[in-house]
Amino acid sequence: MSWFKNKFRVSKDPLTPDERSEIIEKSSKQVGPGVFFSTIVTIASFLPVFLLTGMEGKLFSPLAWTKTFILLVDAFLAITLTPILIVMLLRGKLKPESANPINRFLEKIYTPILKWCLKYRKTTISINLLALVVSVPMMLNLGTEFMPPLDEGSLLFMPVTLPDVSNSEVKRLLQVQDKLMKAVPEVSHVMGKAGRANTATDNSPISMLETIVLLKPKSEWREGKTKDDIINELNAKLQIPGVTNGWTQPIINRINMLSTGIRTDVGLKVYGQSLDSINRVSQMLKKQLDGIDGIKDLYVEPITGGKYIDIIVKKEEIGRYGLSVDDVNMIVESALGGMILTTTVEGRQRFTVNARFAQDFRNNIQALKRMQVQTASYGPIPLDAVAEVKISEGPPMINSENAMLRGTVLFNVRDRDLGSTVEEAMKKLESSVKKLPKGYFIEWSGQWENQIRANRTLKIILPIVLVIIFFVLYFTYNSMKEALITMITVPFALIGGVYMVYFYGVNLSVAVAVGFIALFGMAIETAMLMTIYLNEAMQNLADAKGNSKDTITNSDIREYVIRGAAQRLRPKLMTVFVSLFGLIPILWATGVGSDVMLPITIPLIGGTITSTIYVLLVTPVVFEMTKEWELKRYGKIELYDVKE
């Protein structure tokens, strides 16, 4: 403290404007480069987020761009505008750090703990290493998923029935299901549809029903009920023979169908040349997957079993009656499909007027066979006389992908994480299904496809980012040792993040990975601030006693390490607390969107706490050990300063 008073003239006499500007200039040069390079490190840590593609890239790239631009503007203002504002606004006498009551209180708590850590250095480092080792199995036991499920406040019920179901039966099923679902107290409104809308983007067959279930606000739910409980209750009520239930949410269902072509969480695509063979393979795979923990709503997308009315013209018969194939086809088209007669205009709307046979004349095969065909010479004759009318089976809908026929085994994942569920399913199929027919193969899709793509991107780019950060630190300090001391903060920052993710029961996902990525920059920023002040303390030691082992002892190094760590405690804690104060409220956030923000925030909060503990207690220990080793080997301590 005597050095501070002598250098900065802390006295009753105010400083002259020139002296004040000199002090501000020196302080800005000391801290400014550190702020700038820590900003570069933080921006570099977000590089993996910029390189994410697909759904995850669209979701998180705005976050990365926003944070990057804010940091760039912040760094520019910190090294340009802030010193000017300090010169203009900072008036009166300069006070030492000890004059601040908050700082005195913090130093009174921190200094004894730091002295204990410096006294028992091996114990301190061992405790941190033990915490790091314990976090490894915890990390490995975490579940994995692509993205945390977003609670949309509603459900989408998508049951599938037999392909040859009639319109009247589908209408009856919808009415029964709507009544059963409306009986659950938490359900507010129910709206269902069957078949496809009048648009090219909706290819739903009549056998696939879609019912949107709007839920009441959570405050009106029965006590102790969760969304999964409601889904299980609804699913138990809707066990109808011939109907396979499927549960999802409206928005994520559309996103899944547009991005992967799969309307459930996971799909197993079966490619081949024959629909019958694809169906057999799909049924075999479904049988193997049945019973695996976490797999729900398992079914095979129907690709056979559709019913068609075939009307085959008897060419040798139509000649006897003076008819042509077009004459017969026109009768069939107008009687069954309907013929457009005219268009009516009502205001801004146009409606086509169709004509076709009444329902009683076309509702069964015998009625179709008796349908009258007008001839020129023989009068009306039954359709059966000139055409063969029969019902045949075929595919209800033909799906193709990459110029190959495709079938799909679909299922959702509930009560378990997606990653371990799919991995168990893959292992079971590998052990039980030794060989597929020649020309047939399978491919996992849905959320699993997105998860694999995102993990592959992160595994490639994260090591590159760490190397970039290391070189930024190296060019900042111009020292390999200083860069390493700062870099080893990263694994210890992950400790708290892993602990909080584990105890909160959150699965590893892209959102959690983004949280850890943001944590990298924050942890290194705090470590850089500590290293700057420790290096300043070493410079002060060399100025006061000379840089030689004849004039410097290990006790001197410890004294100045404590001084550099403790007397600049307030700015370090301010850096941390500003981040925590902005993040902690998210833990209590509710509503749409909080499901995604919570997994990002949890590792940030836990990692910030543990990285701060490491920087405040372990970094000085490692720094002191490094300086003692330098003094012993080189006869002096190496002095570093952040590049200006």
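Quick note: numbers below take in every heavy atom, side chains included, and nothing from hydrogens, waters or symmetry partners.
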Original post:
salt bridge (Lys or Arg N to Asp or Glu O under 4.0 Å) with Arg453: which residues, sequence neighbours excluded?
Top reply: Glu56
Find the distance between [atom1] ([X]) and [atom2] ([Y]) and round it off to the nearest 0.5 Å.
| X | Y | atom1 | atom2 | answer |
| --- | --- | --- | --- | --- |
| Asp384 | Glu317 | CG | CD | 10.5 Å |
| Ile381 | Arg370 | CD1 | CZ | 16.0 Å |
| Phe516 | Leu604 | CZ | CG | 9.0 Å |
| Arg414 | Asp265 | CZ | CG | 8.5 Å |
| Met191 | Ile212 | CE | CD1 | 4.5 Å |
| Leu209 | Thr161 | CG | OG1 | 7.0 Å |

Do [X] and [Y] touch side chain to side chain, with heavy atoms closer than 4.5 Å?
| X | Y | answer |
| --- | --- | --- |
| Asp417 | Leu508 | no |
| Ile331 | Leu383 | no |
| Val389 | Ile365 | yes |
| Met404 | Gln273 | yes |
| Tyr299 | Val409 | no |
| Pro302 | Val160 | yes |
| Leu418 | Gln451 | yes |
| Val313 | Asn329 | yes |

Subject >> From CA spacing to verdict: salt bridge (Lys or Arg N to Asp or Glu O under 4.0 Å), Glu301, Arg263 >> reply: CA-CA 11 Å; Glu301 191 172 30; Arg263 59 177 176 268; 3.3 Å; yes
Subject >> side chain to side chain contact (heavy atoms under 4.5 Å, CB included) evaluation trace for Phe503 with Met138 >> reply: CA-CA 10 Å; Phe503 288 114; Met138 296 175 67; 4.0 Å; yes
Subject >> Intermediate values then yes/no, side chain to side chain contact (heavy atoms under 4.5 Å, CB included), Leu298 and Ile295 >> reply: CA-CA 7 Å; Leu298 176 64; Ile295 291 183; 4.1 Å; yes
I'd like to know if [X] and [Y] make a salt bridge, using a cut-off of under 4.0 Å between side-chain N and carboxylate O.
| X | Y | result |
| --- | --- | --- |
| Lys427 | Glu430 | no |
| Lys216 | Glu186 | no |
| Glu233 | Lys225 | yes |
| Arg172 | Glu169 | yes |
| Glu424 | Arg416 | yes |

Original post:
How far apart are the C-alpha atoms of Leu238 and Met181, what are their side-chain angles, what is the distance that settles it, and do they pass the side chain to side chain contact (heavy atoms under 4.5 Å, CB included) test?
Top reply: CA-CA 8 Å; Leu238 297 169; Met181 286 187 283; 3.6 Å; yes
Original post:
Taking the six-membered ring for Trp, are Trp448 and Phe146 ring centroids under 6.0 Å apart?
Top reply: no
Original post:
How far apart are the C-alpha atoms of Lys315 and Glu388, what are their side-chain angles, what is the distance that settles it, and do they pass the salt bridge (Lys or Arg N to Asp or Glu O under 4.0 Å) test?
Top reply: CA-CA 11 Å; Lys315 295 183 178 180; Glu388 181 183 359; over 6 Å; no
Any chance the side chains of [X] and [Y] put a donor and an acceptor closer than 3.5 Å?
| X | Y | answer |
| --- | --- | --- |
| Asn507 | Thr144 | no |
| Lys227 | Gln249 | yes |
| Ser432 | Gln288 | yes |
| Ser282 | Asn279 | no |
| Asp297 | Asn245 | no |

Original post:
Should the pair Trp444 and Phe411 be assigned to parallel (<30°), tilted (30 to 60°) or perpendicular (>60°) ring geometry?
Top reply: perpendicular
Original post:
Any idea how Trp65 and Phe69 line up, ring-wise: parallel (<30°), tilted (30 to 60°), or perpendicular (>60°)?
Top reply: parallel
Original post:
What residues, two or more places apart in sequence or in another chain, satisfy ring pair (Phe, Tyr, Trp, His ring centres under 6.0 Å) together with Tyr308?
Top reply: none
Original post:
Judged by atom type as modelled, is there a donor-acceptor pair below 3.5 Å linking the side chain of Asp327 to the main-chain atoms of Ser324?
Top reply: yes
**OP:** Kindly say whether Ala403 contributes a backbone atom to a donor-acceptor pair with the side chain of Ser400 at under 3.5 angstrom?
**Re:** no
**OP:** Tell me, yes or no, whether the heavy-atom count around Lys314 atom NZ, taken from other residues, nucleotides or ligands under 6.0 Å, exceeds 12.
**Re:** yes
**OP:** Have a look at Trp247 and tell me which of Asn412, Asn235, Asn232 forms a side chain to side chain donor-acceptor pair (under 3.5 Å) with it.
**Re:** Asn235
**OP:** Before giving the answer on side chain to side chain contact (heavy atoms under 4.5 Å, CB included), spell out for Leu410 and Ile262 the whole-Å C-alpha distance, their side-chain angles and the decisive distance to 0.1 Å.
**Re:** CA-CA 8 Å; Leu410 303 172; Ile262 301 299; 3.7 Å; yes
